[in-house]
Amino acid sequence: MSGRTGGRWAAVAAAACAMAAALAALPPAAPRDAGGRAPAAASVRQAAVRAPAKCADPEASLRPSIADGPAVQRIKSRGRLIAGVDQNSYRWGYRDPATRELSGFDIDLVRAVAKAVLGDPDKVTFLAIPTNQRIPALEKGKVDIIARTMTINCDRIKQVAFSTAYFEAGQQVLAPKGSPVTAFDDSLKGKKVCTAKGSTGESELRAESHGATVLTVPNQLDCLVRLQLGQVDAVITDSALAAGQAAQDPSVRLVGKPFTTESYGVAMNLGDQDLVRRVNAVLEDYRRGGAESPWMVAYRKWLAADLKGITAPPEPKYKD
C-alpha cells in the first residue's frame, strides 16, 4: 500500500472513529408509538438537548486590568502596536488627501491604546485590512487588534475576542436621491444591492434579501463606487459608515431607518485575554470625563456633523 493510499485509509478510519464517538454521545432515542412516531414531549426534550446554547449578551467583555500578560508583553517587546484598520471609511479610518495620514474616529482610538501600552500614540503600525480579512488577520497573528467598525455578534465571539462596545450603530440602506428604494423592504425587489463580504450587511441579506440580487465586495467603499457607476441600485451597510459615504457624495442618501442594533468593539485574538482587559482599561479612561471625555471630543471632531444627537458613549458590559 502506498503512503498516499495508507494516508487516505487512516483518514477514513479516524473519521469513522469520530462518528462512532459522536453517535455514542447522543441521547437515547425517544420511545415510539405504534405508528413509529415519537411522543411530542420526548421530541421537545430531544430538541432541547441538541439545540446549541444561545448567545445572550455578546457585548459583555472582560473586566479592565492594567496587568501585563503575554500579549501585552509581546507588544512591549516589539515596541509597536500592530493595528488592523480601514483606510477607505470617511470619518472612521481614511487617508486624509491633504496629509496622506490615516485619520478618523477608529484611528484616534488606536492611538489611545498605543499611548496606554507603549507611552507613545505614534508607536503604531497600521495595516489596511479588508472587511472579510479582519478575523483571519487576528487568527494568524498578523495584527494585535482590529479597530475597524467591527460589529460584536454571537458568531464572531466564537472566533475572536472583543473589547466592550465603543460605538452603537445599525444596518441601513444607502441609495441615490430619487431612487424608488425606500428602506430595507420589498422596494428592493428586483434591485441589485451591494454589501461588503464578511459584513453584518451580508448576513442580513442572506437571511432576507427582499427579492434583491446581492453583490459582495472586499471593502465597503467599493459599494459606493459601484453605486456611483450605476452598477448597483443600493448599498446595505452600517448607518455610521453610510452617513460618512453620504457626506462624501451628496447625490446619495440614507433611506428608511436602521433595521438592526449593533455595537462596535475592538477585536483581538481569542487567546489574548490580557490584551482585552488592557484595551477595556483604555476604554474606561476614554469614556471618562462627561462632555469633555476623549470619546466625546473624538465624536465631535469626526462624527457629530453626520451622526447628530449622541450625548454619551455606550455603557460597558462585563461578564466576570
Side-chain angles (χ1 to χ4, degrees), residues 84-95 104 106 127-139 146-156 159-160 167 169-264 267 306-307:
V85 297
D86 198 353
Q87 63 175 0
N88 297 313
S89 291
Y90 188 50
R91 311 288 200 198
W92 289 93
Y94 73 104
R95 198 164 291 281
D106 282 342
L127 295 182
I129 304 293
T131 303
N132 64 341
Q133 291 301 308
R134 293 177 297 189
I135 289 174
L138 287 167
E139 291 177 330
I146 293 280
R148 197 187 180 287
T149 57
M150 189 167 178
T151 301
I152 306 166
N153 63 34
C154 292
D155 288 333
R156 288 175 178 164
Q159 301 170 284
V160 296
F167 200 84
Q171 293 293 302
Q172 199 165 356
V173 180
L174 187 72
K177 289 181 177 177
S179 167
V181 174
T182 56
F184 188 68
D185 59 18
D186 287 347
S187 66
L188 293 172
K189 187 174 182 180
K191 306 297 184 185
K192 184 174 285 189
V193 178
C194 185
T195 195
K197 187 171 181 60
S199 68
T200 313
E202 183 188 18
S203 300
E204 292 296 326
L205 283 164
R206 208 164 43 231
E208 175 55 81
S209 70
H210 290 289
T213 300
V214 180
L215 170 71
T216 59
V217 294
N219 284 302
Q220 195 59 53
L221 189 65
D222 297 336
C223 282
L224 179 60
V225 172
R226 280 163 174 74
L227 190 65
Q228 292 167 331
L229 293 174
Q231 295 175 355
V232 298
D233 301 296
V235 173
I236 305 293
T237 186
D238 294 3
S239 55
L241 294 177
Q245 292 176 3
Q248 285 178 285
D249 183 353
S251 71
V252 302
R253 65 190 178 99
L254 288 162
V255 296
K257 295 181 179 179
F259 55 91
T260 63
T261 300
E262 300 174 21
S263 299
Y264 297 161
D306 306 315
L307 295 166

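Just the heavy atoms: all of them, side chains too, but no hydrogens, waters or symmetry mates, feed the values below. Computed from a prediction, not measured in an experiment: that's the story for all the values here. Sequence positions, counted from 1, serve as the residue numbers for this chain.
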What's the verdict on side chain to side chain contact (heavy atoms under 4.5 Å, CB included) for Gln231 and Lys192, showing C-alpha distance, side-chain angles and the deciding distance?
-> CA-CA 8 Å; Gln231 295 175 355; Lys192 184 174 285 189; 5.9 Å; no
For Val235 and Thr195, what are the C-alpha separation, side-chain angles and deciding distance, and is it a side chain to side chain contact (heavy atoms under 4.5 Å, CB included)?
-> CA-CA 6 Å; Val235 173; Thr195 195; 6.0 Å; no
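- The only option from Asp86, Asp306, Asp106 that meets the salt bridge (Lys or Arg N to Asp or Glu O under 4.0 Å) definition with Arg91 turns out to be Asp306.
- With Arg156 contributing its side chain and Thr151 its backbone, the two residues share a donor-acceptor pair below 3.5 Å.
- In this structure, CE in Met150 is found 6.5 Å from CG in Leu138, a value given to the nearest 0.5 Å.
- The aromatic rings of Tyr264 and Phe167 lie parallel to each other, their planes meeting at an angle below 30°, with 60° marking the opposite boundary.
- Atom CG in Leu205 sits 8.0 Å away from atom OG in Ser199 (nearest 0.5 Å).
- The minimum heavy-atom distance between Ile129 and Gly84, with the atom names listed, is CG1-CA, 3.6 Å.
- The CD atom of Glu208 lies 7.5 Å from the CG atom of Asp186; values are rounded to the nearest 0.5 Å.
- Residue pairs that meet the disulfide (SG to SG under 2.5 Å) test with at least one member in residues 193-249, sequence neighbours left out, are Cys194-Cys223.
- Between the side chains of Ser179 and Arg253, no donor N or O sits under 3.5 Å from an acceptor N or O.
- Checking Asp238 against Gln172 by side-chain atom types alone, no donor-acceptor pair falls below 3.5 Å.
- Between the Ser263 side chain and the Ile152 main chain, no donor and acceptor come within less than 3.5 Å of each other.
- Proximity of Gln133 to Pro218: side-chain heavy atoms (C-beta onward) are nowhere separated by under 4.5 Å.
- Contact record, Ala212 with Val193: CB-CG2, 3.6 Å, taken as the closest heavy-atom pair.
- In terms of heavy atoms, Asp185 sits closest to Ser187 at OD1-OG, 2.5 Å.
- Between the CD atom in Gln220 and the CZ atom in Arg148 there is a gap of 9.0 Å [rounded to 0.5 Å].
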Applying side chain to side chain contact (heavy atoms under 4.5 Å, CB included), run through Glu204 and Phe259 and close with a yes or a no.
-> CA-CA 10 Å; Glu204 292 296 326; Phe259 55 91; 4.0 Å; yes
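- Side-chain atoms of Glu202 come within 3.5 Å of backbone atoms of Gly198 as a donor-acceptor pair (strictly under, hydrogens ignored).
- Atom CG of Leu227 and atom CG of Leu221 lie 11.0 Å apart (nearest 0.5 Å).
- The shortest heavy-atom contact between Ala242 and Leu174 is O-CD1, 3.9 Å.
- At distances below 3.5 Å, at least one donor-acceptor pair connects side-chain atoms of Lys177 with backbone N or O atoms of Pro250.
- The two residues Val160 and Ala267 have their closest heavy-atom pair at CG2-CB, 4.2 Å.
- For residues 239-249, the pairs satisfying side-chain hydrogen bond (donor to acceptor under 3.5 Å, both in side chains) are Gln228-Asp249, Asp249-Ser251, with sequence neighbours left out.
- Among all heavy-atom pairs drawn from Leu188 and Ala234, the shortest one is CD2-CB, 4.2 Å.
- Put simply, OG1 on Thr131 and CG on Asn88 are 9.0 Å apart, with the number rounded to the nearest 0.5 Å.
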